[in-house]
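Chain identifiers are assigned alphabetically (A, B, ...) following the order of the sequence lines, protein sequences preceding nucleic acid strands; residue numbering begins at 1 within each chain. Just so it is clear, the structure is predicted and the values come from calculations on it, not from any experiment.
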Number of protein chains: 2
Amino acid sequence: MEKGEKKFLKEYDISKFERPSVTVDLVIFTVIDNELKVLLIKRGMPPFEGYWALPGGFIRIDESLREAARRELKEETGINPDEFYLEQLYTFGEPKRDPRTRVITVAHYALVDSKKIKPHVTGMEEIKAVQWHHAHDLPEKLAFDHKDIINYAITRLKYKLEYTAVGLELLSEFFTLTDLQKLYEEILNEKLDKRNFRKKIFSMDIIEATKQFKKGGHRPALLYKFKKAKPSISTFKKTKFEQH
Amino acid sequence: MEKGEKKFLKEYDISKFERPSVTVDLVIFTVIDNELKVLLIKRGMPPFEGYWALPGGFIRIDESLREAARRELKEETGINPDEFYLEQLYTFGEPKRDPRTRVITVAHYALVDSKKIKPHVTGMEEIKAVQWHHAHDLPEKLAFDHKDIINYAITRLKYKLEYTAVGLELLSEFFTLTDLQKLYEEILNEKLDKRNFRKKIFSMDIIEATKQFKKGGHRPALLYKFKKAKPSISTFKKTKFEQH
DNA sequence: ACAAAAGTGTTCCTAATACACCCATGA
DNA sequence: TCATGGGTGTATTAGGAACACTTTTGT
């Protein structure tokens, strides 16, 4: 009874509630020169003027969270949908995280192949307000709670890497096993044993050899590519944190 | 340049954006008679009148997401903070998930000891609009996208159970190993080998024996309790998905 | 003494780890 | 030919899975 009434009032008041703003923020990862990078934008106005911030924006009233994230991602990198990996990360909603007004942000993270990024994003970065920063060496001046968000994204990425083919989204179509190992080492921030790494990757059954070789250096390295069918995530464990 | 302007406009327009409502929904788990239960509320008005829905409510403008979830949880179960486990699950924001208006919900899940639930929530459930439902046998008539949310929560719970002490929040202070195994079997929905189960639990180092026994039945069973210090989650893997 | 649940030992097998070695190329 | 990175073999170990047995109580 009393509970019913409370419920009723609550619903009745829908329009009266002071509403927070809702944004989508993006942690966009790529790998450039074997370094894990995050895209950041220098803020040109207060609050946090001159600080670096994650790309993001308001959710439009008729688009889903994922659509909003895809739109943002497309705007910032020029990359087409289905050429990146995108996953919801966590929702950050401390009342004071934005000093202006109440903003709740649904953070996402994305993995993109640096070769597919629109030139205007990668070129002449020094003078631009949009820059790739080393994920393991972030600038001091990060706006809002974006440092937390980035670190959370890195944690998630490391975790996913262990039992998922997710890392492959960061590489180009053809790559050597050494490329792949370097990628893992960079993200996990630790050295891996060559033999064991290869065994693990092969056991995952996510890549296949081509007949091409990467010349240069010394002994040419066999090039691999992802299996056509996006790696079918098969085991019990693996399915656990698939995005909704 | 052009990017800067776009950004500027975006921020300038903050107040003009049509804002979605933001709610917190709760998947509250408990175990009653060795069955995993979820708390649901029968809706007394459209939309989905007569359907079952998760408890939830709007986020107040000055409280964090977690605070909102705690408040909701306290309202529904009467349980005090730090007597339950609470974790953000996922944010659901399809534009049409609520037919009335745009509502984004930050779903959480909670684990509570059924013995600590306020009597008014457990008593005389048949005639009440608040009921515990078997998590593995949900009612057909679930409102909104709440079936998805519940299933996602079950998936997360199963996953967490495998490498975390999270299940212990569902038990009372003292319990036997058989109680604990029954709990795991109910949540995971599978039979477990007694010997292996015990080895795994002991290796986690999360419980300790008392000197008490649970009499009744046949051979008395040794009672255990959680280690004083909440299980310090220690290994690499284990820290990965800790709540923010 | 026997049924029923509590509690323990041990084998088997897979998979991660830790090594050491061979191979193909460019300079 | 030798330095360099590409590529493979294998022994050891840790942990999960499968299974059989002993112990302690109530009746």
Query raised in the report: What is the distance from CZ of B:F197 to P of D:dG15, rounded to the nearest Å?
Result: 18 Å
Requested in this report: Mark yes or no for whether A:D33, through its side chain, and A:E35, through its backbone, hold a donor-acceptor pair below 3.5 Å.
Outcome: no
Requested in this report: Give the rounded distance in Å between these two atoms: CG of B:N196 and C1' of D:dC21.
Outcome: 15 Å
Query raised in the report: First contact, last contact: which nucleotides of DNA chain C are these for chain A, 5' to 3', heavy-atom distance under 4.0 Å?
Result: C:dT17 to C:dG26
Query raised in the report: When the distance from CZ of A:F175 to C1' of D:dG6 is rounded to whole Å, what number comes out?
Result: 16 Å
Requested in this report: Assign A:T178 to base, sugar-phosphate, or nothing according to its heavy-atom contacts below 4.0 angstrom with the strands shown.
Outcome: sugar-phosphate
Query raised in the report: Quick one: are B:I28 and B:V38 in side-chain contact, heavy atoms under 4.5 Å?
Result: no
**Report entry** Check: A:E186/A:Y184 side-chain N/O donor and acceptor closer than 3.5 Å
**Finding:** no
Query raised in the report: Rounded to the nearest Å, what distance is computed from the CG atom of residue A:D193 to the P atom of nucleotide D:dT10?
Result: 16 Å
Query raised in the report: Base, sugar-phosphate, or nothing for B:L222, non-hydrogen atoms under 4.0 angstrom?
Result: sugar-phosphate
**Report entry** The single option from A:I207, A:L183, A:L170 passing side chain to side chain contact (heavy atoms under 4.5 Å, CB included) against A:F175
**Finding:** A:I207
Query raised in the report: Just how far, in rounded Å, is P of D:dG16 from CG of B:L188?
Result: 14 Å
Query raised in the report: Looking across every strand, which nucleic acid part, if any, lies under 4.0 Å from B:K199 by heavy atom: base, sugar-phosphate, or nothing?
Result: base
Query raised in the report: Salt bridge or not for A:K115 and A:E173, using N-O below 4.0 Å?
Result: no
**Report entry** Salt-bridge criterion met for A:E75 and A:R71 (N-O under 4.0 Å)
**Finding:** yes
Query raised in the report: Base, sugar-phosphate alone, or nothing: which one does A:K194 contact when heavy atoms must sit under 4.0 Å apart?
Result: base
Query raised in the report: Taking C-beta and beyond as the side chain, do B:T176 and B:Y224 meet within less than 4.5 Å on heavy atoms?
Result: no
Requested in this report: Compare the minimum distances between each of D:dT23, D:dC19, D:dG7 and the side chain of A:R198, then state the nucleotide with the smallest one.
Outcome: D:dG7
Query raised in the report: What integer distance in Å separates A:F202:CZ from D:dG6:C1'?
Result: 12 Å
Query - Rounded distance (Å) that lies between atom C1' of D:dT25 and atom NE2 of B:H218 - result: 8 Å
Report summary line: A:R195 has its side chain closest, among D:dT10, D:dG6, D:dA18, to D:dT10
Query raised in the report: What is the distance from NZ of A:K191 to P of D:dG5, rounded to the nearest Å?
Result: 11 Å
Query raised in the report: When we call it a touch if two heavy atoms are under 4.0 Å apart, what does A:K200 touch: a base, just sugar-phosphate, or nothing?
Result: nothing
